[in-house]
Protein chains: 2
Amino acid sequence: MKCSVARTLSVIGDRWTMLIVRDAFLGKRRFADFQDDLGMTRHRLSARLGKLIDEGILMRVRYQDRPPRFEYRLTEKGIDLYPVIVAMLRWGDRWMAGADGPPIELVHKNCGKHVMPALTCPACKEEVNARTMSARPGPGLRRRSHPPVARISSRKE
Amino acid sequence: MKCSVARTLSVIGDRWTMLIVRDAFLGKRRFADFQDDLGMTRHRLSARLGKLIDEGILMRVRYQDRPPRFEYRLTEKGIDLYPVIVAMLRWGDRWMAGADGPPIELVHKNCGKHVMPALTCPACKEEVNARTMSARPGPGLRRRSHPPVARISSRKE
DNA sequence: TGACTAAGTTCTATTTTGGAACTTACTATT
DNA sequence: AATAGTAAGTTCCAAAATAGAACTTAGTCA
């Protein structure tokens, strides 16, 4: 699996995982919180939480001793999924919003403004999109004896 | 389903869809291109392409008349999934990369630099992350007679 | 003692997916 | 004129994953 997108999807590419992560960003921590909000079966939730712990996205923290009770918190690796959530939020707002407008708004604490963050080029600060970006093989593909998996072509319109 | 993330995931939240979209960004268009690259069964690929067309993310374009042959191209709605792909690429590069380094690099055509785009605040231009952003109910939730689905709390560290 | 709670696990029925073979509508080769 | 090849699917059955409900654990509370 030579692509980071594929590697990412091997962890978060299913119907529930990013909803669990979203709930974690919204402050939910306990088994029952996730279960009530998502309406998934305990069985699946348990399995998903376990996988997220194995992958290092959540950690299981004891919050009470008798009886033993645990809650789930995002790790650094999990917190770093935020841009994926925001990208999904942005797309959903734009293409799947109901008549009422977006259900959630984001606020940038540092400047206090209600904004939707955008993808920008760190070199020139311009907003980027599929048309202004192109892909090429990186170090993980270049130094290979066998031929690259596929010729990487930039989309030509 | 009151959340745009959930609405987005109802379309792209499975093991294959974003890989198909990624391949489309890399220039693949034909049934066999997707099938060879992804190794998914024709059966599933056919079903997935069909769903992506129904959702307006791909369009089916006749590229030859006898015998009739079709290819799949991203619509505007599909092209707008680019930030989701980039966010996944970025996370995969950072947390799941092999020893060789990232398999794919991105270039910003406008400035020619090899970069990884970042999420920034459109108001103050700072890069944002989960800790510098917070969520609050938007118009889609505010004007409701019945109580909000869940109290939205910002993560407090 | 009995009811309640949070966090799971176990079990079976249903749904989804994988894999291989088959189909369609042609073109190219012998 | 038969045979092989190609691109894009469809069909069918077995295997795997998921849903839903019941059960378990380790306690507290009245």
Side-chain angles (χ1 to χ4, degrees), chain A residues 1 6 9-21 23-24 26-55 57-75 78 150-151 153, chain B residues 1 6 9-21 23-24 26-55 57-75 78 150-151 153:
Chain A
M1 196 168 33
L9 283 165
S10 73
V11 183
I12 64 162
D14 73 289
R15 192 168 139 211
W16 295 111
T17 298
M18 285 307 275
L19 291 175
I20 294 173
V21 172
D23 274 4
L26 291 174
K28 298 199 194 309
R29 297 178 171 190
R30 298 191 186 173
F31 194 91
D33 293 339
F34 293 109
Q35 217 246 311
D36 293 348
D37 188 61
L38 299 176
M40 64 194 294
T41 66
R42 301 167 185 295
H43 183 70
R44 285 290 87 208
L45 178 57
S46 179
R48 276 290 128 200
L49 290 173
K51 186 173 184 200
L52 286 169
I53 288 163
D54 290 347
E55 298 285 354
I57 289 170
L58 293 178
M59 54 192 169
R60 192 159 175 265
V61 180
R62 193 181 202 118
Y63 70 86
Q64 164 184 303
D65 276 336
R66 282 192 328 281
R69 291 283 183 267
F70 300 88
E71 60 181 22
Y72 300 89
R73 295 195 201 181
L74 290 165
T75 61
R151 192 56 47 200
S153 62
Chain B
M1 197 168 32
L9 284 166
S10 73
V11 182
I12 64 164
D14 74 289
R15 192 168 139 211
W16 295 111
T17 299
M18 285 308 274
L19 292 175
I20 295 173
V21 171
D23 275 4
L26 291 174
K28 299 200 194 305
R29 295 178 171 190
R30 298 191 186 172
F31 194 91
D33 293 339
F34 293 110
Q35 218 247 310
D36 294 348
D37 187 62
L38 300 177
M40 62 193 296
T41 66
R42 303 167 184 295
H43 184 70
R44 284 288 87 208
L45 177 57
S46 179
R48 275 291 130 198
L49 290 172
K51 184 169 186 202
L52 287 169
I53 288 164
D54 291 347
E55 298 285 355
I57 289 170
L58 294 178
M59 53 191 168
R60 192 160 174 264
V61 180
R62 194 181 202 118
Y63 70 88
Q64 165 184 304
D65 276 336
R66 282 190 330 283
R69 291 283 183 269
F70 300 88
E71 59 180 24
Y72 300 88
R73 296 196 201 179
L74 289 165
T75 60
R151 191 59 47 197
S153 63

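Remember, predicted model here, so these are calculated numbers, not experimental data. The sequence lines fix the lettering, A, B, ..., with proteins before strands; numbering per chain opens at 1.
As judged by a 4.0 angstrom heavy-atom cut-off over every strand, A:R60 is placed among residues touching the sugar-phosphate backbone only. As judged by a 4.0 angstrom heavy-atom cut-off over every strand, B:R62 is placed among residues making no nucleic acid contact. Among the heavy atoms of the strands lying under 4.0 Å from B:R69 is at least one base atom, whether or not backbone atoms are also near. B:Y63 comes within 4.0 angstrom of the backbone, heavy atoms only, and of no base.
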Before giving the answer on side-chain contact (heavy atoms from CB on, under 4.5 Å), spell out for A:M59 and A:V61 the whole-Å C-alpha distance, their side-chain angles and the decisive distance to 0.1 Å. CA-CA 6 Å; A:M59 54 192 169; A:V61 180; 4.1 Å; yes
Yes or no on side-chain contact (heavy atoms from CB on, under 4.5 Å) for B:L45 and B:R42, after CA distance, side-chain angles and deciding distance? CA-CA 5 Å; B:L45 177 57; B:R42 303 167 184 295; 5.6 Å; no
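With salt bridges taken as basic N to acidic carboxylate O contacts below 4.0 Å, one links A:E71 and A:R73. Note on B:R29 versus B:D23: no salt bridge recorded, every NZ/NE/NH1/NH2 to OD/OE distance being 4.0 Å or above.
For D:dA17, neither phosphate oxygen OP1 nor OP2 lies less than 4.0 angstrom from any side-chain nitrogen or oxygen of A:W16. For B:Y72, a side-chain nitrogen or oxygen approaches OP1 or OP2 of D:dG9 to under 4.0 Å. Residue A:R44 places at least one side-chain N or O under 4.0 Å from the OP1 or OP2 atom of D:dT18. Here B:T41 does not reach the OP1 or OP2 of C:dG19: none of its side-chain N or O atoms lies under 4.0 Å away. Here B:S46 does not reach the OP1 or OP2 of D:dG9: none of its side-chain N or O atoms lies under 4.0 Å away.
Closest-nucleotide positions on DNA chain D for A:R66 and A:M40 were compared, and the one nearer the 5' end corresponds to A:M40. With the nearest nucleotide of DNA chain C identified for both B:R42 and B:R48, B:R48 has the one nearer the 5' end.
One atom, CD of B:E71, and another, C1' of D:dG9, lie 16 Å apart when rounded to the nearest Å. The NZ atom of A:K51 sits 11 Å away from the P atom of D:dA17 (whole-angstrom rounding). In this structure, CD of A:Q35 is placed 16 Å from P of D:dT18, rounded to the nearest angstrom. Atom pair B:K28:NZ and D:dA7:P shows a separation of 14 Å (rounding to whole Å applied). Per the geometry, CZ belonging to A:R15 stands 9 Å off P belonging to C:dT16, to the nearest Å. We find that CZ of A:F34 is positioned 15 Å from C1' of C:dG8, with the value rounded to whole Å. Protein atom NE2 of B:H43 is 17 Å distant from nucleotide atom P of C:dC22, rounded to whole Å. Between the CZ atom of A:R30 and the P atom of C:dA6 there is a distance of 8 Å, rounded to whole Å.
Nearest nucleotide to the side chain of A:F31, out of C:dA7, C:dG18, C:dA25: C:dA7.
Considering all non-hydrogen atoms of both residues, B:V11 and B:T17 come closest at O-CG2, 3.9 Å.
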